[in-house]
> 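Below are the structure tokens for one structure; questions will follow.
Chain letters run A, B, ... following the sequence lines, proteins first and then strands; every chain starts at 1.
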Amino acid sequence: MGDSGFEARVEQALADAGLRRNFASAMGGFAARRLAVFPDAAALERLREQGAAARRRALARLPELLEELERALVGNGIHVHWAETAAVGNRIVLEILEAHGVRRVVKGKSMVSEEMHLNAFLARHGIDAVETDLGEFIIQLAGETPSHIIVPAVHKNRAQIARLFHEKIPGTPYTEEVAELNAVARRTLRRMFREAGAGLSGVNFAVAATGTLCLVENEGNGRMCTGVPPLHIAVMGIEKVIERLEDLPPLLRLLTGSATGQRVTTYVNLISGPRRAGDPDGPREVHVVLLDNGRSAVYADPELRATLQCIRCGCCLNHCPVYTRIGGHAYGTTYPGPIGKVLTPQLAGLERAGGLPFASTLCGACEEVCPVKIPLTRLLRRLREETVRAGAAGGAGAGALERLAWRGYGLSAQHPRLYRLLFACGRWLGGLMPPVAALERWGRAHAEPRFARLSLRRLFRKRGIPDA
Amino acid sequence: MADPSPKPARVQLFATCLVEAFFPETALAAVELIEREGVEVVFPAGQTCCGQPAYNAGHRNEARAAARRQLSALAGDLPVVVPSASCAGMMKHHYPRLFSDPAEREAAERLAHRVVEFGEFLVRGLGVRLRDAGPPLRVAWHSSCHALREMGVVLFAKALLAGLARVDVVPLARETECCGFGGIFAVKHPALSAAMAEDKLADLAATGAERLIAGDCGCLLHLQGAIEARGLPLRVQHLAEFLRERVHGG
Ligand code: SF4
């Protein structure tokens, strides 16, 4: 079922001891910092309730809230564009850039632009999109994709970055000094900020009541991208809207605390329109592209809708026993980790990504930390059901043999005699596992379990324990 | 912690499929520990598997069929003691969600209220005080995901272990991290599952503890299989069997 490439990438990732170490230690660090910034469990729980309520409130009236947002944005002098698909979103961005004759854009970190594969699209049209978040800058140099939604280059160690800078940035000597590497990046980017015809950014929250775009970051590059070039284009998923400014403080606190263990990010940008008469700086034009790309369908399902509560803090990745062992690239998706396993099948379809929800033990570590209380295990289970259903209808999902096995399971669970007969068979066969390929693979790392020699009923009868 | 409820005269045991197939001693130990408190245990004959394997594999119809069977097998109003937090969690938290028919849902809710995990029952249902008759021993505790997050019963198991005078419970690194079983997950993603087991066993080895105690047979099956395949000098054991051994003197 699903993506056999996933298993291959998983095995490759697991075999890479360095990668495993990098992830385990980085993720452990994030988890520890989160605990340090939220020391009071009861207070955190109250805050999560507040955050979840704000997100649910917004989603409960998403269509009208989006209209309210559009009115407020337009009132602030911001141009609003609606993109039903990534392809439409890319087109819109391209048209705006072409209308302004822009050949180079500087970009702040944006997962939605990754979802759209915007950089590659712009490159095909002769426009250079330069990533300015340090992590994104690194992976762009390396020609890779983010391995984490908050720290995109977390899979790279210092030596790898040093080599990359040395090879890819002309005139850069090899150095592993962090300060020097930072300085190289800063020098390279400064020039880009000055020369770029436009800045592109994501959006963390869009406030419907006031038409405010909120963007948090730690490097100041987001502020440069949205403030220095004469044109700013923000791309956002339609789910990022919230009702009012009052919802912002708890959500920001949850976002930064859960993401990086900070009380507040170094920069909190609240963008409420283009440069006004008398303003010394700021872009002359601001555009917002609101991307649907499958989100309306998610919204339409009352249970799956909770997926859209996500504020992309990455906390579920940091705490996931699967993600922390294989990293983001093994998933082969824009969004990895628990939220990726829930979101991707819904956006890309079960045919392509229906296997992903099965790559979880349903341990619940993700939903335990999710700052907006998304019931991730329930959603994973629901999507497994969808995949199985799609398989029954001839789509992706379980093969015929597997379906047959479950049919058999169902029968034995309904008929105690059959159920006990199966155990008896297990005993007689001395634990010879049925030669099913899936179980054989399990057997590579596990000794065969041994069936009990006597049935529980016999044992109980011998001891006089009544069975009715 | 709430007051212990009045001690019942009888309870039903729901053994679980893994116990029936691979760990009957766990059930015998659980029964013995309950009986020595003067409570009778019955083993309703019509019980099968709780349905969780199918439920977590996305086969809701099969899970519902299994749930129906337990609803009728476990009829009555006695507490239902389950020596596995994940099966107890299935019955307590997921059974009611499986049914849309109001009568069936109500029956599921009633059963859900009666279900109690073994360790919790010893502490809250029976208020047991166990006399530790065994030799000094170092053990570590594995918080299974369902015991920890779904059932919230880890504190009871830990209280029981802490009550054993000569047992030293040493802390396990990443105690709350999953062991990698996950039912269908272990079959579909054996490499990941094995990697998680390996890390868990490495953490166990690092504690110097002689055994790992847990309250879930899924974790135990998984970890024991991994131990045997690698020939490691480690041991895992269900809480019930361990407690019985201690009161017997080892
Ligand atoms: S699902 Fe929750 S924890 Fe994961 S990224 Fe979204 S908000 Fe953060």
> Assess the pair B/F185 and A/F358: is the distance between their ring centroids shorter than 6.0 Å?
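That pair fails the under 6.0 Å test.
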> So, taking the atom named CG in B/D199 and the one named OG1 in A/T324, what distance separates them when rounded to the nearest 0.5 Å?
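B/D199 atom CG to A/T324 atom OG1 measures 8.5 Å (nearest 0.5 Å).
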> For A/R417, which atoms come within 4.5 Å of any heavy atom of chain B: side chain, backbone, both, or neither?
neither
> Which answer fits B/I227, side chain, backbone, both or neither, if we ask what part of it has an atom under 4.5 Å from a heavy atom of chain A?
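No part of B/I227 comes within 4.5 Å of chain A.
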> So for A/R20, is it side chain, backbone, both, or neither that comes closer than 4.5 Å to the heavy atoms of chain B?
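A/R20 touches chain B through side-chain heavy atoms alone.
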> After noting the C-alpha distance and the side-chain angles of B/Q224 and A/R450, does the key distance pass the side-chain contact (heavy atoms from CB on, under 4.5 Å) rule?
CA-CA 11 Å; B/Q224 187 164 312; A/R450 276 181 305 278; 4.3 Å; yes
> Which atoms of A/L380 are under 4.5 Å from chain B, going by heavy atoms: the side chain, the backbone, both sets, or neither?
neither
> Is the shortest distance from a Lys or Arg side-chain nitrogen in B/R97 or A/E303 to a carboxylate oxygen in the other one below 4.0 Å?
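A/E303 and B/R97: salt-bridged.
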> For chain A, which of B/G180, B/A195, B/A194 has the most heavy-atom pairs under 4.5 Å?
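So the answer, after comparing B/G180, B/A195, B/A194, is B/A195.
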> Hey, are B/K188 and A/E402 close enough for a salt bridge, meaning a charged N less than 4.0 Å from a carboxylate O?
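Yes, this pair counts.
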> When you check the gap from the basic side-chain N to the acidic O, do B/E20 and A/R420 get nearer than 4.0 Å?
yes
> Name every donor-acceptor pair, under 3.5 Å, that has one atom in a side chain of residues 26-43 of chain B and the other anywhere in the protein, sequence neighbours excluded.
{"unit_1": "B/T26", "atom_1": "OG1", "unit_2": "B/E241", "atom_2": "OE2", "d": "2.5"}
{"unit_1": "B/E32", "atom_1": "OE2", "unit_2": "B/H248", "atom_2": "NE2", "d": "2.5"}
{"unit_1": "B/E40", "atom_1": "OE1", "unit_2": "B/R10", "atom_2": "NE", "d": "3.2"}

> Non-hydrogen atoms of chain A under 4.5 Å away: do they reach the side chain of B/C179, the backbone, both or neither?
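Looking at B/C179, nothing touches chain A.
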> With respect to chain B, which residue among A/S455, A/A24, A/G410, A/A359 yields the maximal number of heavy-atom pairs within a distance under 4.5 Å?
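When all of A/S455, A/A24, A/G410, A/A359 are compared, A/A359 has the most.
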> Of the non-hydrogen atoms in A/P321 and B/M196, which two are nearest, and what is the gap between them?
CB-CE, 3.5 Å
> Would you name the heavy atoms of B/P53 and A/W406 that are closest together and state the gap between them?
O-CH2, 3.3 Å
> Determine whether more than 12 heavy atoms belonging to other residues, nucleotides or ligands lie under 6.0 Å from atom CZ of A/R407.
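Atom CZ in A/R407 is not crowded, with 12 or fewer foreign heavy atoms closer than 6.0 Å.
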> Roughly how far, to the nearest 0.5 Å, is NE2 of B/H146 from CG of A/L362?
7.0 Å
> Please state whether the side chain, the backbone, both or neither of B/Q47 comes within less than 4.5 Å of a heavy atom of chain A.
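Looking at B/Q47, backbone and side chain both touch chain A.
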> If you count heavy-atom pairs within less than 4.5 Å of chain B, which of A/C363, A/A452, A/A13, A/S412 leads?
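Heavy-atom pair counts peak at A/C363.
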> Backbone N or O of B/N56 within a donor-acceptor pair of the A/R384 side chain at under 3.5 Å?
yes
> Short question: side chain of A/T361, backbone of B/G182 - any donor-acceptor pair under 3.5 Å?
no
> For the CG atom on B/D77, are there more than 12 heavy atoms of other groups (residues, nucleotides or ligands in this structure) within a distance under 6.0 Å?
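No, CG of B/D77 has 12 or fewer neighbouring heavy atoms, counting only those of other groups under 6.0 Å.
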> Heavy atoms only, distances under 4.5 angstrom: which of A/Q414, A/E368, A/R325 has the most pairs with chain B? Name it, please.
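Maximum pair count with chain B is reached by A/R325.
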> Which bit of B/R64 comes within less than 4.5 Å of chain A, counting heavy atoms only: side chain, backbone, both or neither?
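Neither part, no heavy atoms under 4.5 Å.
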> Between chain A and each of B/H94, B/R174, B/E25, B/E198, count heavy-atom pairs under 4.5 Å; write down the option with the most.
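Going by pairs under 4.5 Å, I would pick B/H94.
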> Is B/L192 close to chain A through its backbone or its side chain, or both, or neither, when contacts mean heavy atoms under 4.5 Å?
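The answer is both parts of B/L192.
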> Which class fits the ring pair B/H222 and A/H446: parallel under 30°, tilted 30 to 60°, perpendicular over 60°?
tilted
> Which heavy atom in A/P416 sits nearest to a heavy atom in B/G46, and how many Å separate them?
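In this case the closest contact between A/P416 and B/G46 is CG-O, 3.3 Å.
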> A/Y409 and B/Q52: which non-hydrogen atoms are nearest, and at how many Å?
OH-N, 4.2 Å
> Name the region of B/R68, side chain, backbone, both or neither, that has any atom closer than 4.5 Å to a heavy atom of chain A.
neither
> Testing the basics here: between A/F423 and B/A21, what is the closest heavy-atom pair and its distance to 0.1 Å?
CE2-CB, 3.7 Å
> So which heavy atom on A/L459 is nearest to which on B/P24, and how close?
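The pair with the smallest heavy-atom distance is CD1-CB, 3.5 Å.
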> With a 4.5 angstrom heavy-atom cut-off, could you sort out which part of B/A57 is near chain A: side chain, backbone, both or neither?
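It is both, since atoms from each part get that close.
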